[in-house]
Amino acid sequence: MTQGSSTTRKAGEAQERGTSEMGPQAVIAPGETGARNSTRVRFSPAPTGFMHLGNARTAVFNYLYARHTGGTFVLRIEDTDVTRSTDEATQQIQSVVRWLGMDVDEGPYLQSDRFDRHREAAAQLMANGNAYECFCTKDELEVRAEAMKAAGKAPGYDGACRDISEAQRDAFRSDGRAATLRFRIPEDGRSQFTDAVRGEVSVAWSTISDFVILRPDGSPVFYLANAVDDLDMGITHVIRGEDLIDSTHRVLAIRRALGAEEPPTYAHCPLILGPGGAKLSKRHGAVSVEEYRDAGYLPQAVLNYLAFLGWGIADGNEIMTADELATRFDIVNINHAGAAFDAQKLEWMNGEHIRQLSVADLTAAVLPFAQVMYGQVDATILAEAVALAQSRATTLVQIAEQCGFLFADDDAFSIREESWEKLLGTEHIRELLVAVIDHCRTCDWTVEALDLRALLEPLELKPRKALPAIYSAIEGAHTGLPLFESMHLLGRDRVLQRLSDALARLG
RNA sequence: GGCCCCGUCGUCUAGCGGCCUAGGACGCCGCCCUCUCAAGGCGGAAGCGGCGGUUCGAACCCGCUCGGGGCUACCA
């Protein structure tokens with residue numbers, strides 16, 4: 001609960017800042033090219049689960065557009081469904097947004113802090129005849145919807161309470177029935193708006209039935225809260241998933257009924273699909289941002305990848321920083337077709353970003369993973385190993401694993417099954433190990449002196465055939481970080497120990 | 001069922017009536033480099049869902065068809 005109250009307080013503060021932000025004069029910091037313009041976008045997820053990649057992509061688009069226009073990026077938590085919303089999810093959303101490097105300019109606002117305002121708007125809608133009380137119970141609605149479906153008709157609300165008399169309403173109330181508030185949809189005509197990515201979107205009102213805007217417990221439903229908050233918060237651009245495109249007609253209707261003049265610009269983005277084109281789900285593997293974070297993905301890589309899902313530019317280079325993306329990003333380049341999530345491409349992109357990091361930065365990123373795996377690690381040794389691993393890994397976890405032979409306790413060191421087989425299959429393996437041991441006992445402990453290739457010729461062995469065995473003995477795998485550097489980092493004693501262990505194991 | 005949307009290599013995409021014998025990227029295959037593995041370099045296979053129009057000319061415009069998706073909640 002501590003978490004919850006701190007979130008609420010934070011949201012409240014931000015809210016005040018938001019309303020008092022308009023000072024008499026806008027101050028432009030020296031060196032800045034211009035004032036923040038009036039573009040206001042918001043990322044407004046429902047805190048009902050983990051941060052899905054689709055949600056994250058929506059956040060990225062909004063953030064990039066805010067930065068592109070010099071506008072304001074607002075975070076609003078749509079927790080109108082109190083039964084499904086959790087404080088943990090609210091925290092996770094913020095933590096993921098922060099991890100991805102997206103600075104929130106305003107918020108987080110919690111819709112649950114604004115229920116009074118939503119109820120006020122609902123009262124206004126009731127007063128001007130755009131909403132009415134509905135006393136139908138959920139069970140009744142379900143039964144009637146089934147019946148309509150069976151009759152081959154659209155299963156929406158049948159308007160039973162639309163025009164009942166005050167006397168009937170009183171009767172329902174004295175029956176102890178609780179009322180929801182429904183929005184009154186126009187009888188005929190069409191709803192129409194211009195979508196920045198879809199163009200003209202229109203639908204007949206007759207296909208939309210009166211919908212609930214206020215629950216019996218007084219909490220608002222999405223449509224109401226969404227309309228009111230976008231209005232109150234001065235949102236100018238709504239960038240979100242295409243799954244919400246049909247709800248736009250309802251939100252816009254509420255807006256108008258509330259007396260709003262100009263609607264915001266809506267931009268509905270294609271959904272992110274799983275492999276095969278089906279909806280992306282847990283069946284397809286990791287679908288939450290947290291999972292990628294924990295698997296050793298760099299935030300800048302995830303952001304980069306997500307930016308190019310459903311958005312594209314002609315330029316060949318796809319590896320970009322957040323700043324470059326913000327410069328290039330624009331709504332006109334958002335695609336129409338759904339985009340399948342490609343974990344392989346994300347992995348490749350992560351590798352690219354890993355390679356762009358300085359060794360110091362990469363080491364800092366790998367350190368927490370290495371510590372979880374091996375306890376305390378020597379930062380200097382780690383940095384040297386990371387430098388060797390940088391071009392050999394696509395995730396931070398892989399790097400930590402490749403460095404494992406340096407940090408794992410000696411009694412925990414083991415050789416992979418297939419690598420031991422490789423060693424066994426190596427010609428003159430005994431002589432080779434003996435020669436390497438002899439060499440390592442006395443040679444200078446430098447990378448140059450540890451170049452084992454000179455030892456191979458007398459045994460008539462090729463590096464390509466023979467060295468993997470030594471890789472196995474030293475690193476526990478026949479593939480790994482460059483051998484001579486690795487031996488140098490491991491140190492003479494441990495190298496000799498591992499080599500003689502291997503020799504002994506040969507029997 | 002109804003309403004709405006979408007359709008370029010396996011995947012992400014460029015294309016916006018002639019610049020397209022369709023470009024780039026991931027993945028895949030081959031070669032080079034090389035102490036393993038990678039990284040890197042070079043090369044290759046692979047696509048306009050289909051059918052009709054319109055036009056001198058269509059990936060781009062129109063119609064139909066097929067396929068995919070979304071919505072149709074007191075979820076968002």
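Each chain gets a letter, A, B and so on, in the order its sequence line appears, and its residues count up from 1.
Within 3.5 Å, no donor on the side chain of R250(A) pairs with an acceptor on the base of rU72(B), nor the reverse. For a distance-only test at 3.5 Å, the side chain of R198(A) fails to qualify as a donor-acceptor partner of the base of rC5(B).
Residue-level contact check: L244(A) touches the bases, meaning some heavy atom is under 4.0 Å from a base atom. Within the 4.0 angstrom heavy-atom criterion, only backbone atoms of the sugar-phosphate kind lie near L309(A); the bases stay farther away. Among the heavy atoms of the strands lying under 4.0 Å from G480(A) is at least one base atom, whether or not backbone atoms are also near. Counting any heavy atom pair closer than 4.0 Å across all strands shown, C136(A) reaches a base atom. Nucleic acid contact for R240(A): none, since no nucleic acid atom lies under 4.0 Å from a heavy atom of the residue. Within the nucleic acid shown, G310(A) comes within 4.0 Å of sugar-phosphate atoms alone, with no base atom in reach, counting heavy atoms only. Among the heavy atoms of the strands lying under 4.0 Å from Y223(A) is at least one base atom, whether or not backbone atoms are also near. Contacts of T80(A) with the nucleic acid, taken as non-hydrogen atoms under 4.0 Å apart, involve only primed sugar atoms and P, OP1 or OP2. Looking at heavy-atom distances under 4.0 Å, R84(A) makes contact with a base. E352(A) comes within contact range of the sugar-phosphate backbone alone, with a heavy-atom separation under 4.0 Å but no base atom that close. T479(A) comes within 4.0 angstrom of a base, heavy atoms only. Across all strands shown, S209(A) has no heavy atoms under 4.0 Å from either base or sugar-phosphate atoms. Looking at heavy-atom distances under 4.0 Å, E318(A) makes contact with a base. No engagement by N317(A) is indicated, since no non-hydrogen atom pair under 4.0 Å with the nucleic acid exists.
Judged by closest nucleotide on RNA chain B, R190(A) is the one of R190(A) and L483(A) placed further toward the 5' end. Remark on RNA chain B: of its neighbouring residues P270(A) and F484(A), the 5'-side contact belongs to P270(A), judged by nearest-heavy-atom nucleotide.
Residue N335(A) places at least one side-chain N or O under 4.0 Å from the OP1 or OP2 atom of rA14(B).
rC64(B) and rG50(B) make up a base pair, with Watson-Crick or G-U wobble contacts both under 3.5 Å. Partner assigned to rA25(B) is rU11(B), using Watson-Crick or G-U wobble distances below 3.5 angstrom. With both pairing distances under 3.5 Å, rC3(B) is matched to rG70(B) as a Watson-Crick or G-U wobble pair. rA59(B) is unpaired under the criterion used here, namely a Watson-Crick or G-U wobble arrangement in which both key atom distances are under 3.5 Å. Across all strands shown, rG40(B) forms a Watson-Crick or G-U wobble pair with rC32(B), both key distances being under 3.5 Å.
Annotation: F341(A) is in aromatic contact with Y305(A) [ring centroid separation under 6.0 Å].
Contact annotation: the side chain of M487(A) approaches that of L452(A) to within less than 4.5 Å [non-hydrogen atoms, C-beta and beyond]. Considering only heavy atoms from C-beta on, V397(A) stays 4.5 Å or farther from Y297(A) through its side chain. In this structure the side chain of W311(A) reaches within 4.5 angstrom of the side chain of F329(A), judged on heavy atoms.
To the nearest angstrom, C1' of rU13(B) lies 11 Å from CG of N333(A). Taking atom CD1 on I429(A) and atom C1' on rU36(B), their separation rounds to 14 Å, with Å as the unit. If you take CG of L461(A) and C1' of rU36(B), they are 15 Å apart, rounded to a whole angstrom. rC26(B) atom C1' lies 12 Å from atom CZ of F341(A), rounded to whole Å. Atom CE of M349(A) and atom C1' of rG27(B) are 13 Å apart (whole Å). The nearest whole Å value for the distance from the CZ atom in F405(A) to the P atom in rU36(B) is 16 Å. Spacing between atom CG of L273(A) and atom P of rG7(B) amounts to 13 Å, rounded to whole angstrom units. With rounding to whole Å, Q192(A) atom CD is found 16 Å from rC3(B) atom C1'.
With rC26(B), rA39(B), rG7(B) as the candidates, the nucleotide lying closest to the side chain of D342(A) is rC26(B). Of the candidates rG7(B), rU36(B), rC26(B), rG7(B) carries the atom nearest the H336(A) side chain, counting heavy atoms from C-beta on. Closest to the D246(A) side chain, of the nucleotides rG27(B), rC4(B), rC74(B), is rC4(B). Nearest to the side chain of E242(A), among rC75(B), rC12(B), rC5(B), sits rC5(B). In the set rC3(B), rG24(B), rC75(B), rG24(B) carries the atom at the smallest distance from any side-chain atom of K345(A). The nucleotide whose nearest atom lies closest to any side-chain atom of Q344(A) is, among rC26(B), rG40(B), rC3(B), rC26(B). Looking at the side chain of D81(A), the nearest of the listed nucleotides rA38(B), rC12(B), rA76(B) is rA76(B). For A337(A), the listed nucleotide lying nearest its side chain is rC6(B); candidates were rC6(B), rC26(B), rC75(B).
Going from the P atom of rA22(B) to that of rC37(B) covers 36 Å, rounded to whole Å.
A salt bridge links R119(A) to D116(A): at least one charged side-chain nitrogen sits closer than 4.0 Å to a carboxylate oxygen.
Using modelled atom types, one finds a donor on one side chain and an acceptor on the other under 3.5 Å when comparing E475(A) with S486(A).
In terms of the salt bridge (Lys or Arg N to Asp or Glu O under 4.0 Å) criterion, E401(A) has no residue partners (sequence neighbours excluded).
Ring stacking holds between Y471(A) and rU36(B), with the centres under 5.5 Å apart and the planes within 30 degrees of each other.
Below 30°, between 30° and 60°, or above 60°: for Y266(A) and H268(A) the angle between ring planes is below 30°, a parallel geometry.
The side chain to side chain contact (heavy atoms under 4.5 Å, CB included) test with R215(A) is passed by exactly one of L181(A), V82(A), D81(A), T83(A): D81(A).
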